Amino acid sequence: MDTYNLMKAAMGVSATRAKVISSNIANVNTANYKAKRVIFENQLADAKQNLGLVTTNKRHINSGSSNAYITTDNDTSVTKNGNNVDLDVELANQATNSLYYNSLVSQINGRLQMMGYVVEH
């Protein structure tokens, strides 16, 4: 999988992560709600090592999808109402995810500009 498709998959995961974080923030006062997390970076690191390979295994990331998954965080401390969402953590995660998404957009835009320059000249 080339780096362009890998970045495209990462952008999709970042969009999913934004939805999950928004859901956690919206449910900050909901009794017995457990915070959710999107897991992707481990799969991304594995895929970066295998960039030159074709998809021959179901665990490889391909251009049509990602191996990201949503998990429920049951390990953190729980408030009296059974909720484990920490608003400060969620806001920090939201800011981090926004920076991550914007950096991916910048990377893709740079690559597209380079390809456009090569085509024009």
Side-chain angles (χ1 to χ4, degrees):
M1 173 179 184
D2 62 58
T3 56
Y4 174 76
N5 286 329
L6 188 59
M7 286 190 289
K8 222 167 59 170
M11 284 181 69
V13 170
S14 182
T16 300
R17 184 172 281 135
K19 290 177 187 175
V20 169
I21 292 169
S22 295
S23 176
N24 288 343
I25 292 171
N27 286 292
V28 71
N29 293 320
T30 303
N32 298 315
Y33 180 84
K34 304 298 182 203
K36 309 233 180 328
R37 301 281 176 248
V38 176
I39 308 298
F40 176 66
E41 280 69 22
N42 296 342
Q43 291 78 8
L44 179 63
D46 292 344
K48 284 181 0 184
Q49 293 176 356
N50 300 317
L51 280 177
L53 300 177
V54 295
T55 305
T56 58
N57 185 300
K58 67 180 180 175
R59 293 179 295 171
H60 290 171
I61 296 177
N62 60 39
S63 60
S65 66
S66 70
N67 289 346
Y69 59 94
I70 298 173
T71 184
T72 302
D73 184 5
N74 292 314
D75 297 332
T76 57
S77 61
V78 178
T79 60
K80 288 182 181 180
N81 69 356
N83 186 310
N84 68 348
V85 176
D86 183 341
L87 186 58
D88 292 333
V89 169
E90 297 304 324
L91 292 175
N93 288 343
Q94 186 178 44
T96 301
N97 189 56
S98 293
L99 290 171
Y100 178 69
Y101 185 85
N102 290 335
S103 68
L104 288 168
V105 168
S106 294
Q107 288 284 325
I108 289 175
N109 283 339
R111 287 178 182 271
L112 293 175
Q113 286 175 350
M114 274 193 284
M115 289 190 315
Y117 178 79
V118 169
V119 168
E120 288 177 11
H121 295 83

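Source: prediction; values computed, not measured.
Comment: E90 engages R37 in a salt bridge, judged by a side-chain N to carboxylate O separation of less than 4.0 angstrom.
Annotation: side chain of D86 is not in contact with side chain of T76 (no heavy-atom distance under 4.5 Å). Counting heavy atoms from C-beta on, the side chains of V85 and I25 never come closer than 4.5 Å. In this structure, Y33 and N81 have side chains that are not in contact, with every pair of non-hydrogen atoms separated by 4.5 Å or more.
Note that the CG atom of L91 and the CG atom of L87 stand 4.5 Å from one another [nearest 0.5 Å]. Atom CD1 of I21 is separated from atom CG of N93 by 5.0 Å, given to the nearest 0.5 angstrom.
Formation of a donor-acceptor pair under 3.5 Å by the N74 side chain with backbone atoms of K34 is not found in this model. Judged purely by atom type and a 3.5 angstrom limit, S14 has no side-chain atom pairing as donor or acceptor with the backbone of A10. In this structure, N24 contributes its side chain and K36 its backbone to a donor-acceptor pair below 3.5 Å. Using modelled atom types, no side-chain atom of N83 and backbone atom of T79 make a donor-acceptor pair closer than 3.5 Å.
Under the salt bridge (charged side-chain N to carboxylate O under 4.0 Å, His left out) criterion, the residue pairs touching residues 9-28 are R17-E41, with sequence neighbours excluded.
Linking ILVMFWY side-chain heavy atoms closer than 4.5 Å, directly or via other members, places L99 and I108 in two distinct hydrophobic clusters.
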